Every structure is written in structure tokens, then in C-alpha cells.
Amino acid sequence: MAQEHPHQSAADNYFLAPGMWATVRNGLAFLALAGWIASIAGFATNREQFHFSYLTAFLFCVSIGLGALFFVLVQHLSGSACSVTVRRLEESIMRTLPFGVVLFGLVVTGIHYTYHWSHESAKTDAVLKQKLAYLNADWFTIRGVIVFGLWTIWALVLFRKSRAQDVDGAIAHTRNLVKWSAPGLLLLFITASVASFDWIMSLDPHWFSTMFGVYFLTGGGLGFIAVLILICLALRNAGYLNNAINEEHYHDLGKWLFCMTAFWGYIAFSQYMLIWYGNLPEEIFWFKNRLVGSWEGMAIFLVFGHFLIPFFALLPRASKRNFKVLTFFAVWLLVMHYADIYWQVMPVLHKNGISPHWLDLATLVALVSTFGLIFWAQLRERPLVPVGDPRLRQSLAFHNA
Amino acid sequence: MAAKLPFMETNGDEPKYYAVMSDFNTPEDLLRAVRTARTAGYTQLEAFSPFPIHGIDEAMGEGRSPLGWIVILCALAGIALAILLQWWTGAIDYKLVIAGKPLFALEPSVPIIFELGVLVSAFGAVIGMLALNKLPQYWHPFFNYTAHAGASNDRFLLAISATDPKFKTDEVKALLDSLGGRNTELVES
Amino acid sequence: MADLALDPRVELNPPLVTGGQTYADLTEKISSITEQPPPKQWYFGMAIAVPVALLLFGCLTYLVSTGIGVWGNNIPVGWGWDITNFVWWIGIGHAGTLISAILFLFRQKWRTSINRAAEAMTLFAVACAAIYPLFHTGRPWRAAYWLFPLPNEYLHIWQNFRSPLMWDVFAVSTYGTVSLLFWYVGLIPDLATLRDRAAGLRQKIFAIMSFGWRGSARQWKHYELAYLILAGISTPLVLSVHSIVSFDFATSVLPGWHTTIFPPYFVAGAIYSGFAMVVSLLVLARWIYGLQNLITLKHLDNMCKVMLATGMIVGFSYGTEYFIAWYSANPFEQFTFRNRAFGPYWWAYWTMITCNVLSPQLFWFKKMRQSLVGMFIISIFINIGMWFERFVIIVTSLHRDFLPSSWGYFRPTWVDIGTFTGTIGLFLTLFLLFLRFLPAIAIAEVKGVLHGQIQREKGDH
């Protein structure tokens, strides 16, 4: 049982040193530049591969932003005190969502390459022709803009109110944030489902799974926690937030990493097992296509790498409090999250087996560094923790069981 | 507790006294008493409280409970049992193809693997906890303390055991009294 | 108190134990319920619950002596009220585990006043649920051979472990057992409290029941870890139980049943109905025993919010199912979902929507979350709605078979109705007995919360 200590921990420096901030920004900008140049080269030479690689990297980044939005909303609703110190970092990751709509543009330009419901042949397909009222380029774009629009509204509102509280520390903001969070959570479920149906599920337009939105969001939540842990630990190594985010908070983040790993396993297994058991031709092909050649090896690898190994490794209390173990599994699970999306997207293009392409790396570097830059821009001359939150004191003194 | 069954009477060889016990008003007083007694060199302490007090294990120099490892072993045993059960009954002892499913496959075996893992772990946690606490134990010298009932109500008790190498009745009594303990008494074993 | 109310920290963390109570007050208040003759309201409740429970025994006796043909299920509706009631009761049980385990892991301290009662409710709900698989075999004394892998001499056969119904047996029996262990472990320190207050035979009984608990720091150390571990394993367990119940349906290839969202959707529905039942019971228990300072409006307000959230998830799942039914372009799926809303069972479907999706919307208003009468009525509505949800899923998918010549319409018999009503009687009887004889609120845990509260007040002023 957690208890609060009356004593106060020593104060941290809540602001990044401008020099350090600029160094990291320059690094990210360099990576972004290199990534985008390579990506543009790929765009010019191999459109089809480019769009698939880009979509994978795009989903990876956006799902992490959605994971951040999810956790910020849940945190406001549950009123939990222990995680307040990391909330500003969460909000800054969430704050990358509004820029996604720009990057979504390149997904739209690739519709013809990635989504075969956009082909002429779909009009004569007995099943697909019934869906074309929904699956068509115009509506795909409009839906994309709507979901990004809603995410933008919530990301901006949640971020601004939290920032406003930094200044005045008014409790009214906390109450207001709760009011925004309740409908926000519902909207997030709906919009994330719509997005995942459009962006991933419709790559195989005949296929359908009601669980898919939950699956997508769960993967994003897991990826987000991994990113958050890595950012916190990186800041720690640079000498920031040593007291504000201490071993107890890492233990808590480690629990979340474990919890999301387990939940991902539950969702992924349920979806697979139900389709395996039903063995209906209109559903099972999705998995059969993803078990062809080396894709099968990757699927088995995901079972172990995305679930079994991290599950058992993160189970003991000691590993959640050990920064090295935590760093390793945060990186590992991020790789697994990318691999999971890759395994969902790429078999549509490379039907016979895994076929890595340099564009996979180029688009990933380009998008991750772009999202990273947006994230990093949030931290400039702003406190790294929500200094005005009335629960902050409780959070600083938080202690695990 | 007055109920002391005849066969549970102690024999003459054991030390005659269990401890000197005293009770305190608040958990903070108890914690302070534990720390002071430890500083004074006493090692055989036991504290009693109506609810767990945070930080008392550290104050008493107690390590963490090994229960977690017991439970992990139980979980693995449950998992192994479930795999063996489903594989042996389905694929070896009574082969019958139903609904075109393989005689044994992992996909449909996971639910029972999980459930048995949980069931055996839960038994491990409860039985392990009782065994580590040497429970059930109907009788204990602790119940000879006249104010022992406070430990399940609103008092915070400290016992300094008679087996402590530094134990001297008068000194211990004086120490506990000086720390604010009430009802300080020498408790028979 | 006036300056406390102005303090933002107190406003965000309102005290969970009100009325300026001490540890001894808590002991007295909670223990004395079990030590004194019960109030009139208790006898009034028993006078209603016991005869209804007897109805259950009557119906079951009639069932066993006559045969399961006395129930209304028949081809094409091979599963009728029996499994509807089974799923409904199992689902109600989930709130107990959720409150005791998941909220414990999330450090939601407000759970401590209600977890004991909620866990007891879980046990009684699982007991009511277990009646159905046991008695649907027709020969419950032989059911052990069908349900559990017991070696049997004449036939030399084993159960089909690849069948979700077998998974269900393991899930429900594990769930019942682990819930019992969890509940009992929680009770041990409180039974010691009752022991120390009692004399004579009563003291001996509680001494045995409490295993000789002393509350020493070493004991608490192992105890707390055991409790944490039980909470840790109960959390995936509670998810697994209703997921596996949902597999009973979702592994089939029947339109309306075979859908991948079933596991999380069933779990959310289970929590939803369970919280509704907890609210119904706590509002009553609060009224019978006057526990206003322990089960505060803050507790009930939080539970209303959980109901609102889970109700929205359930509504979201209904929506997703409808969308995917259209999106699948599968005519069977599309027919099933049209038939659900506009077929012969339209009344059941719209009852479900009204109770499950519309009625909890009132919880957006704080006034509703603070009104005992209001939340009691809504919680009853939700219980009705969740019963209809299972009924709609089960019966509408079955009554329209793939061949129109096999279409049918399910009607319950009086035995169906009597058995179901009887389980409610049994449930209430067991719950009232629990309130009478065991500490209905976790004394040791509430003391821990009170300690934190005292420390906070000291630290702040």
C-alpha cells in the first residue's frame, strides 16, 4: 500500500538548460533532414515501397501519440496523484498529434498504392462493391481529417489548461480537465477505431474484426509507456528530474509497461484464437497471409518478443526498479511495437515473406525525428513537470508497496 | 485470550517468560519505540498493530517476504500441469477428433493453462503466507498479555523478547515506560 | 472543518472516513453489527428473501425429478434462460473482484469501505451462477464426472478440453476458489478483532476462524505481500473469466456470436452490471445499518462514474458490432443485426438499449450521482438491461437458424422464471446472513485509510 511521506524531496531543476535543449534539437533536426532526403529519394524511385514503409512508420508514431492521449485522459479521470510528475512529458508526447494531420497527407497521396479498394477492380468484387460507399478516397481523407481534428482539439485543450495551471495553480483547471476528459475518452475509443479500420484493416478490405480498434490502441499505449520511460531515463542521465521521478515512479511506470504487455497479449491472443477457432474463410485468410514463408517466423517471434519474454522478465519487482532492465525492455518493446505494425501492414506488399527495404528505415527515421522535434519543442523554456498541479506534492512523496 | 487448552501447556524446559510488552497510542509512537529499542541494542523485537504500519519492517531490520518466489514456482507448476493434462488426455489417452481441431494445439489450451496457473498460484500465496506466519496457531504467549486485545483494536504493541541477549526485565520495562508505553508488563510464556 | 473545505488538497481528496471517528470507533461500529441482534429492517429483508430462495429449491427439485424439459429451451433455441442467468450472475460477481483487486492495485483508497461487501457479493453471485451449469446436466450428482477430469472406470473417456465449455468450467471454478481465498485472507485480521471482543464459545469460534492471527509486524509483512499477489493474480483472472464466458459464444460460427470484440466487451459489461448490483446493495445496507460515515456519498459518486464509463464502453461495443456487421458485407451478419433491432425480439433489444445505454447518461449530472434514490433506480435499470443484453445475444442469434424452416420463438416456462427469481432470493439471503454475522466492512483496511488521513491532516496544519 502506498503511503505519503510528510518529508519533502530536494527540489529539481524543472527547466532544461538552453544549450542542452539546442544540442538535442540540432541532433533531431539533422536526423529529420537526413531521413526526409532519403525518403524523398525513395518516393521518387519506388512509390509503392515508399508508401507502405511510410504508412508503417506513420502508424507507429501516431499510435504512440494516441497512447499518450489515452493516459493523460485516464490520469485526469482517476485523479491519481502518483503519476503527476510525469504528466507534462505525457502531455508533450500527446501534443505531437495535431501535426499528424500534415503527415497524413502523404498517406492520402499513396491511397492508390496501398489500398486496393481504390482500384477499378473493387467495383466488380462482389463483397467490395458493397463497401465502396465507405471505402473510397474522399471519405478516407475526410475521416482522417475529422479524427485528427478531434485529437487536435483535445490535445490542445488538455495541454493549454495544464500549462495555465503552471502559472496560477488554480484548482478550477483540475476540475475543468476532468470535464473534458470524460467525453474525450469515449471519443478516443471511437476515433481510434475508425482510424485503425481505415488505415490498417482496410489494407485487406475483405477482412473485418470488431476488436481491431482496441488492438491498435493497446499497441499504441504500450509503445507510449516505453517511450515515456526512455525519455524519463534520458533526462535522468542528463541530470534532470532525479528527485521528481525517482525509483518509485519508475517502478510504477514499469508496472504499466508490464500491464500493457499483458493486455496486448490478451487482446492479440483473443483476436487470433477466435478467428483460428471459427476458421471461417472470410476471416482466417488475414492470418494465413501473415503466416506465409518468413512471416510465420515473425509471428512466432512476436508471440515471444512482444509478450512472453517481456511478460516474464518484467514480472519480478526487482526488474521494474532496475533502470538497466527497464531501459532494455522499453527499447525492446518499442522495436516489438514497430514489428507488430510491420507484420500487419507489410504482408500486403510482400506476400511471400519478410523483405526489408532501406526505405523502412528512412521513413522511420524521418517520422520519428519529426515527431521528436515537435515533442522537444514543447519542452523549451517550459517546466518539465506540471508545477501548478495541486497533487504534485503528493506525487513527489509517493512510495510503492 | 483465556482459552488455553491443556495439551497446549508449555513444559518446564522452555524459558518462563515470553517478553516484556507495552502498548502505545499511535503508529508513530510505536515506530519511534522500535527505532529507539534497536538503537539501544535490542534485536528480538516484535510489534503488533491493528493494521500494517508503513516503514516498520525497515525499522525492525526485516527483509522482504520470500512469498513472491513461492508463488512463481506454483504458477509454473500449474502451467505444466495444465499442459500435461490437456496433451495427455487429448492426444495420447483418448484420441477423438472433434470439429476438425487438432488433438492437441496451443491455441485452445491457453485458457486452461492460464486458469490452472492462477489457481495453483493462489493456493501457493495463501498457504505460503500461512506457513511463513506459522498459522494456524491457536495459542501463543502473546495472548497472555493483559492488554493484547488492543492490537486488534486501536493500540500499537511492542514486545521485547525474553530471548534477547540484552534482555533484563527491569531495564526493558524502564525503556518502554520512558518511550511512553502503557501497561508495561512481563508476559509469561 | 471550515478551513479544511477551502484547502484544495482536501477538496481533491475528500476524507473517506467522515464524522471524526477514531480507530476504536471503527472497531465498535463495524463489529457491533455482528454482536447485537439485527435491526427490524434485517428481519424484513429476510422475510422476503428466504421464501424466494425456497422457491429456487422447489423449482430445482421439480427439475431434477422431472427432467430438463421443464425449461423452455428447445431447438432452435437450445440455450435459453439458463445460460442467460448464468452469464448475468457471473458478470455481477466481477465487480467484487474489480473493487477488491484492481482498485487496490490502482491505489484507489475509496475501495476499502466497500470491498468486503463487494467480495461477498462475488461469492454469492458465483454460487448462484454455478447452479445453472450444475443443474442443466439434469443429474447434478453425476455432473462432477462431466465437468471435471476425474478418471472414470467404465468408459475410459476424457472431457474435450478443446471445447470452450470446458474452459468455462475451469474459469468459473478457479474464479470461485480464488475469490473465496481472497475474501477469507482479507477477513483474517477482522476475525481476530471479533475474537478479541468476544468471550466463551463465540471467542473460540473466532479464534479458530482467525487462525490465531496476532497482527505482528512479521505477520503483516507476509500478509500484505500475499494480499498484493492475490490482487495481482485476481486482476487477469477477472478479465479471463468473462472473456472465457464470451468464448462460449465467440468461438462458434454463429452470426452475432462470432465476433472478436466479445472478450473485452463482455468484461466491461460484467463490471458494469456488477457495479450496478453493488450500488443497489450498498444503498440498502447503508439504510439498514446506518453506515453513512463509512459508505459516503463520495464512494457512491465514484461508483456511478465507473458505471457511466463502463456503460459507454458497452454502448461503444454495440455500435462497433453494428458497424462491422454492415462493413463485413456478409448477408448473415447483416440479417442478424437487423433482426436484433427489428425482429420478433425488438422489445428485448430496445429494453437493453434504454437501460444500458440511455439510463446511465443521467450520471453525467452530479445531482444524479448524489441522489440515493436516483442511483438506486438507475442501478436496477442497469441490472435489467444487462440481463436483457445476454438474453438478446443468446436468443436472437439462435431463434433464426440458417434454414428458415428451423426458425422458432423462445418462451420461458414458469420453472425458468421461478428458478431465476429463486436465485435472486438465494443471493439476498446469503448477503443478509453475511451482513449479520461477519464484518461487512474491512476494519483493518479502513483503519489504514484513517491513519493516512490523520497523517495528512497533521502534515498540513
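Owing to the predicted nature of the structure, the values given are computational and were not obtained by experimental measurement. Below, chain A is the first sequence line, B the second, and so on; all start at residue 1.
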Report task. Examine whether an atom of B:I56 lies under 4.5 Å from a heavy atom of chain C, and if so say whether it belongs to the side chain, the backbone or both; otherwise answer neither. Result -> side chain
Report summary line: Looking only at B:G150, B:P102, B:S109, B:G124, the option with the highest number of non-hydrogen pairs under 4.5 Å against chain C is B:P102
Query raised in the report: What residue, out of B:M129, B:Q137, B:H140, has the most heavy-atom pairs lying under 4.5 Å from chain C?
Result: B:H140
Query raised in the report: Under 4.5 Å between any side-chain heavy atoms of C:T177 and B:L119, yes or no?
Result: yes
Query - Which of B:A125, B:A149, B:A47, B:P66 touches chain C most, by non-hydrogen pairs under 4.5 Å - result: B:A47
Query raised in the report: Of the backbone (N, CA, C, O) and the side chain (C-beta and beyond), which part of B:W87 lies under 4.5 Å from a heavy atom of chain C, both, or neither?
Result: neither
Requested in this report: Look at C:A444, C:A226, C:G215 and state which one has the largest set of heavy-atom pairs under 4.5 Å with chain B.
Outcome: C:G215
Query raised in the report: Say you draw a straight line from CG of B:L130 to CD1 of C:I188; how long is it, rounded to the nearest 0.5 Å?
Result: 5.5 Å
Report summary line: Most contact-rich option vs chain B, by heavy-atom pairs under 4.5 angstrom, among C:Y175, C:Y223, C:F170, is C:F170
Requested in this report: Step through it carefully: locate the ring centre of C:H451, locate the ring centre of B:F51, and say whether they are under 6.0 Å apart.
Outcome: yes
Query raised in the report: Would a 4.5 Å heavy-atom cut-off, applied to side chains only, mark B:I98 and C:S163 as touching?
Result: no
Report summary line: Most heavy-atom pairs under 4.5 Å with chain C, out of B:A99, B:S49, B:A159, B:A75, belong to B:S49
Report summary line: CD1 (C:I229) and CG (B:L67) are apart, to the nearest 0.5 Å, by 4.0 Å
**Report entry** Pairwise distance OG(B:S65) to NZ(C:K221) - rounded to 0.5 angstrom
**Finding:** 6.0 Å
Requested in this report: Could you tell me whether a side-chain N or O of C:W213 sits under 3.5 Å from a main-chain N or O of B:L135, the two making a donor and an acceptor?
Outcome: no
**Report entry** Heavy-atom pair with the smallest gap, counting every atom of B:V126 and C:L181
**Finding:** CG2-CB, 3.9 Å
**Report entry** Heavy-atom side-chain proximity of B:W88 to C:W158 below 4.5 angstrom
**Finding:** yes
Query raised in the report: Within a reach of under 6.0 Å around OH of C:Y145, are more than 12 heavy atoms found that belong to other residues, nucleotides or ligands?
Result: no
**Report entry** Interchain contact, B:P50 with chain C, by part (heavy-atom threshold 4.5 Å)
**Finding:** both
Query raised in the report: What part of B:E107 lies closer than 4.5 angstrom to a heavy atom of chain C: side chain, backbone, both or neither?
Result: neither
Query raised in the report: What part of C:L225 lies closer than 4.5 angstrom to a heavy atom of chain B: side chain, backbone, both or neither?
Result: both
**Report entry** Approximate separation, where rounding is to 0.5 Å, of B:E115 CD and C:W167 CH2
**Finding:** 11.5 Å
Query - Residue, of C:S210, C:A217, C:G212, that accumulates the most heavy atom pairs under 4.5 Å with chain B - result: C:A217
Report summary line: Counting heavy-atom pairs under 4.5 angstrom with chain C, the leader among B:E28, B:E62, B:R155 is B:E62
Report task. Side chain from CB out, backbone as N, CA, C, O: work out which of these in C:P164 comes under 4.5 Å of a heavy atom of chain B, or both, or neither. Result -> neither
Requested in this report: To the nearest 0.5 angstrom, please state how far the CG atom of B:N133 sits from the CZ atom of C:R218.
Outcome: 10.5 Å
Query raised in the report: Near B:K166 NZ, under 6.0 Å, is it more than 12 heavy atoms from other residues, nucleotides or ligands?
Result: yes
Query raised in the report: Checking C:R162 side chain against B:Q86 main chain: does a donor-acceptor pair fall under 3.5 Å?
Result: no
Report summary line: Smallest heavy-atom separation, C:I244 atom then B:P111 atom, equals CD1-CB, 3.7 Å
Requested in this report: May I ask you to decide if the ring planes of B:F156 and C:Y23 are parallel, tilted or perpendicular, using 30° and 60° as cut-offs?
Outcome: perpendicular
Query raised in the report: Highest number of heavy-atom pairs under 4.5 Å with chain C: which of B:D93, B:T26, B:L116, B:V110?
Result: B:D93
Requested in this report: Side-chain contact test, heavy atoms from C-beta onward, threshold under 4.5 Å: evaluate it for B:F143 versus C:R214 and give yes or no.
Outcome: yes
Query - C:W220 (side chain) donor-acceptor with B:D57 (main chain) under 3.5 angstrom - result: no
Query - Test item: C:K447 side-chain N/O and B:P52 main-chain N/O as donor-acceptor pair under 3.5 Å - result: no
Query - Side-chain touch C:H156/B:Y94, heavy atoms, less than 4.5 angstrom - result: no
**Report entry** Distance in Å, B:L45 CG paired with C:S216 OG, rounded so as to fall on 0.5 Å steps
**Finding:** 12.0 Å
Requested in this report: Could you pull out the closest heavy-atom pair between C:A192 and B:S152, with the gap in Å?
Outcome: O-OG, 3.9 Å
Report task. Please step through side-chain hydrogen bond (donor to acceptor under 3.5 Å, both in side chains) for the pair C:Q159 and B:T89, ending with a clear verdict. Result -> CA-CA 8 Å; C:Q159 283 84 357; B:T89 55; over 6 Å; no
Query raised in the report: With only heavy atoms counted, which part of B:V118 is less than 4.5 Å from chain C, the side chain, the backbone, both or neither?
Result: both
Query - Proximity breakdown for B:L157 and chain C, heavy-atom pairs closer than 4.5 Å - result: neither
Report task. Please look at B:I70 and chain C and tell me whether the side chain, the backbone, both or neither of the residue comes under 4.5 angstrom of a heavy atom of that chain. Result -> neither
